[in-house]
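The next block holds one structure in the form of structure tokens; read it before the comments.
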Amino acid sequence: MWPVVLLFLGTTVPLFAQSQAFDVDALLRIARIADPQLSPDGRTVAFTVQIIDLENNRKPRHIYTVPITGGTPRRITDAGNLNDRPRWSPDGKRLAFISDRGGSAQVWLMNPDGAGARQVTNLSTEAGGVLYSPDGKNLLFTSEVYSDCPDEACNQKRLEAEKTTKVKARSYTRLLYRHWDRWQGPRRSHLFVVPVEGSAPKDLTPGDRDVPLFSLGGGDDYAISPDGQEVCFVMNAEPELATSTNSDLFVVAIGGGELRKITLNPGADNTPAYSPDGRYLAFRTQLRPGYESDRWRLAVLERATGKLHQVTETLDRWVTGFTWAPDSTRLFFTVEDRGRQILQLVPVTAGGARTIISGSSTVNDVRFTPDGKTMVYTEHSSAAPAEIFQSTSGGTPVPLTRLNDALLAPYRLPGFEEFWVESADKAQIHSFLLKPHGFREGQKYPALLLIHGGPQGAFGEEWGYRWNGQVFAAAGWVIVMPNFRGSTSYGQKFTDDINADWGGKPFDDIMAVADHVARLPYVDPEKMAAAGGSYGGYMVNWLL
């Protein structure tokens with residue numbers, strides 16, 4: 001069994017070292033590590049790295065590999081700006097991936113050392129999100145196509161017409177015309193399957209619906225059964241998408257055919273994953289219809305009987321992601337808890353959850369070797385960007401990547417401090433605090449309150465590439481990050497308390513934090529400011 005592991009991330013630089021101010025230029029040089037994928041034999045981890053190329057105004061992403069026993073990571077892609085989504089073949093002899101090396105994003109195959117690259121798709125609408133079928137015969141991927149087009153020739157013609165037309169206005173006759181950060185155009189995301197040896201891809205989800213459904217985090221919204229014969233995916237089939245969150249799980253044969261709905265929940269269901277033995281289908285679910293910020297639970301569906309287990313029903317925290325244990329008897333899942341993201345374990349048929357990794361950090365991307373003895377995951381914190389770690393049951397976690405050590409050597413990145421204050425109605429409000437670079441006792445500094453967006457979101461012990469507290473602190477500010485009412489990771493009631501009250505309880509919470517900060521001996525109460533984006537921008541205007 002896995003022991004409890006307490007991890008507290010930080011840089012390897014000694015505290016007494018001379019340090020530079022960690023400014024935005026340093027932030028933009030960070031190697032952004034993501035998406036670790038274990039080979040079927042459990043010996044190699046493939047992952048992606050993005051390093052911003054400021055000089056050429058590009059964000060190239062490449063694929064690397066590293067032995068699970070440790071060693072120097074090796075970059076295995078060179079061509080193109082996009083090399084993403086590495087997925088191992090079941091025999092471990094090939095990697096499927098998405099690359100734009102041929103001029104557009106398409107599905108490619110290559111050897112584990114990067115040699116022998118071969119293009120599989122050549123679609124005008126491009127490709128993404130590739131998965132290898134467990135039987136090794138097919139590749140599943142997504143493409144944004146015109147829903148009324150029956151073939152590639154039609155899509156190509158429509159794309160060309162769209163590019164050449166002089167009419168650039170958008171015309172909408174129904175909602176939802178925009179969701180989060182993207183406009184709804186005439187194209188829809190569909191799931192396609194193509195044989196590994198190549199041929200014309202087949203559209204598995206034709207029609208005027210997005211598959212997979214656009215969702216926030218948690219994993220893929222589609223999966224292939226262990227026998228390679230069935231595809232499970234997420235789709236919202238409701239007539240009015242603007243007022244519905246009722247996404248459901250559907251299944252279809254890998255060769256195409258009838259789409260069959262297998263969940264009945266009126267709220268949202270997403271991120272399906274088959275158990276390794278094929279008996280179960282786990283997924284995240286929200287029970288309240290129409291509410292995007294309901295608690296995300298972890299559910300398990302028995303495929304043969306249709307029996308549903310709500311395995312985290314008693315846990316008042318959001319499930320943010322999960323992975324199956326290789327023996328199909330347990331689920332490892334991540335949850336937000338008071339500004340951290342921790343890893344827990346629960347039996348497949350429900351029961352008491354047990355903490356596996358906990359600390360002042362964010363844990364994600366958990367993977368297991370076939371024997372279940374070794375775990376690979378990413379971890380980051382306010383003081384350290386994401387790196388990949390390996391942990392063997394009973395052993396000390398070991399970093400597999402140290403791609404940012406040399407870059408971070410000139411800097412000292414302190415972790416967040418934290419405090420609690422009482423709001424006007426006696427609610428307890430949690431905040432993170434970061435003192436300015438070069439802080440000296442006896443001096444007073446200006447304070448900046450950062451207001452998070454969402455509004456149902458939270459500041460946490462995580463590395464940010466946009467609102468990075470270290471960069472603000474380097475400019476000489478005391479940085480304060482309050483998690484006011486509406487924030488996640490403090491229980492669902494705390495999250496719900498912002499509803500229909502955007503300028504009420506959250507305002508009281510923020511002002512209680514501001515009053516506390518103004519009394520700190522190192523803060524100049526005459527030099528306090530607030531900044532935020534999205535709901536944070538709304539609240540800054542409300543404060544003014």
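Quick note: residue numbers are just sequence positions, from 1. Because the structure is predicted, anything quoted here is derived from the model rather than measured.
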What closest approach, in Å, do [X] and [Y] show between heavy atoms, and which atom pair accounts for it?
X    : Y    : answer
D221 : P212 : CB-CB, 3.5 Å
T65  : T44  : CB-CG2, 3.8 Å
P347 : V311 : O-CG1, 4.1 Å

Between [X] and [Y] (judged by ring centroids, cut-off 6.0 Å), do the two rings come close enough to count as a pair?
X    : Y    : answer
F432 : F459 : no
F283 : F322 : no
Y291 : W296 : no

Taking the six-membered ring for Trp, are [X] and [Y] parallel (under 30°), tilted (30 to 60°) or perpendicular (over 60°)?
X    : Y    : value
F233 : F250 : parallel
Y280 : W324 : parallel
F494 : Y490 : tilted

So does [Y] get a backbone contact from the side chain of [X], meaning a donor-acceptor N/O pair under 3.5 Å?
X    : Y    : answer
D100 : G80  : no
R295 : L315 : yes
Q470 : P414 : yes
S534 : G453 : no
R188 : E144 : no
D220 : Y222 : no
S89  : R94  : yes
R85  : V130 : yes
T401 : I388 : yes
D294 : Q286 : no

Can you find a side-chain donor-acceptor pair between [X] and [Y] that sits under 3.5 Å?
X    : Y    : value
T285 : N265 : yes
S189 : T142 : no
D203 : H190 : yes
S361 : E461 : no
Q492 : W318 : yes
S143 : T125 : yes
R61  : N81  : no
T378 : N364 : no
T245 : E292 : no
R101 : N83  : yes
E418 : H430 : yes

Set out, in order, the CA-CA distance, both residues' side-chain angles and the distance that settles salt bridge (charged side-chain N to carboxylate O under 4.0 Å, His left out) for R288 and D496, then state yes or no. CA-CA 12 Å; R288 280 187 279 180; D496 291 344; 2.9 Å; yes
Calculate, to the nearest 0.5 Å, the distance between atoms [atom1] and [atom2] belonging to [X] and [Y] respectively.
X    : Y    : atom1 : atom2 : answer
R303 : D277 : CZ    : CG    : 12.5 Å
T263 : N246 : OG1   : CG    : 7.5 Å
H380 : E387 : NE2   : CD    : 11.0 Å
Y132 : F97  : OH    : CZ    : 11.5 Å
T495 : R317 : OG1   : CZ    : 9.0 Å
Q106 : F141 : CD    : CZ    : 8.0 Å

Walk me through it: do D269 and K261 pass the test salt bridge (charged side-chain N to carboxylate O under 4.0 Å, His left out)? CA-CA 12 Å; D269 302 317; K261 187 169 76 168; over 6 Å; no
Do [X] and [Y] make a side-chain contact, defined as non-hydrogen atoms from C-beta onward lying under 4.5 Å apart?
X    : Y    : answer
I357 : M375 : yes
I68  : T369 : yes
F192 : L140 : no
Y64  : T48  : no
L301 : K307 : no
V251 : C232 : yes
D227 : D135 : no

Apply the test side-chain hydrogen bond (donor to acceptor under 3.5 Å, both in side chains) to residues Q456 and S293: give CA-CA distance (whole Å), side-chain angles for both, the deciding distance (0.1 Å), then the verdict. CA-CA 7 Å; Q456 288 98 338; S293 296; 3.3 Å; yes
Only one of L403, D365, L38, L400 passes side chain to side chain contact (heavy atoms under 4.5 Å, CB included) with F47, and that residue is L403
From the list L345, T323, V300, side chain to side chain contact (heavy atoms under 4.5 Å, CB included) with L331 holds only for V300
Above 12 or not: heavy atoms from other molecules or residues under 6.0 Å from CZ of R260? no
Starting from the C-alpha separation in whole Å, work towards a yes-or-no answer on side-chain hydrogen bond (donor to acceptor under 3.5 Å, both in side chains) for T355 and Q344. CA-CA 4 Å; T355 299; Q344 295 193 318; 3.1 Å; yes
Might you work through the salt bridge (charged side-chain N to carboxylate O under 4.0 Å, His left out) test for R297 and E313, ending with a clear yes or no? CA-CA 7 Å; R297 299 157 167 87; E313 185 56 38; 3.0 Å; yes
With sequence neighbours excluded, residues passing ring-ring contact (aromatic ring centres under 6.0 Å, His included) with H309: none
Less than 4.0 Å between a side-chain N and a carboxylate O, is that true for D210 and R182? no
Does the pair T320 and T334 meet the rule for a side-chain hydrogen bond (donor to acceptor under 3.5 Å, both in side chains), with working shown? CA-CA 6 Å; T320 53; T334 54; 2.7 Å; yes
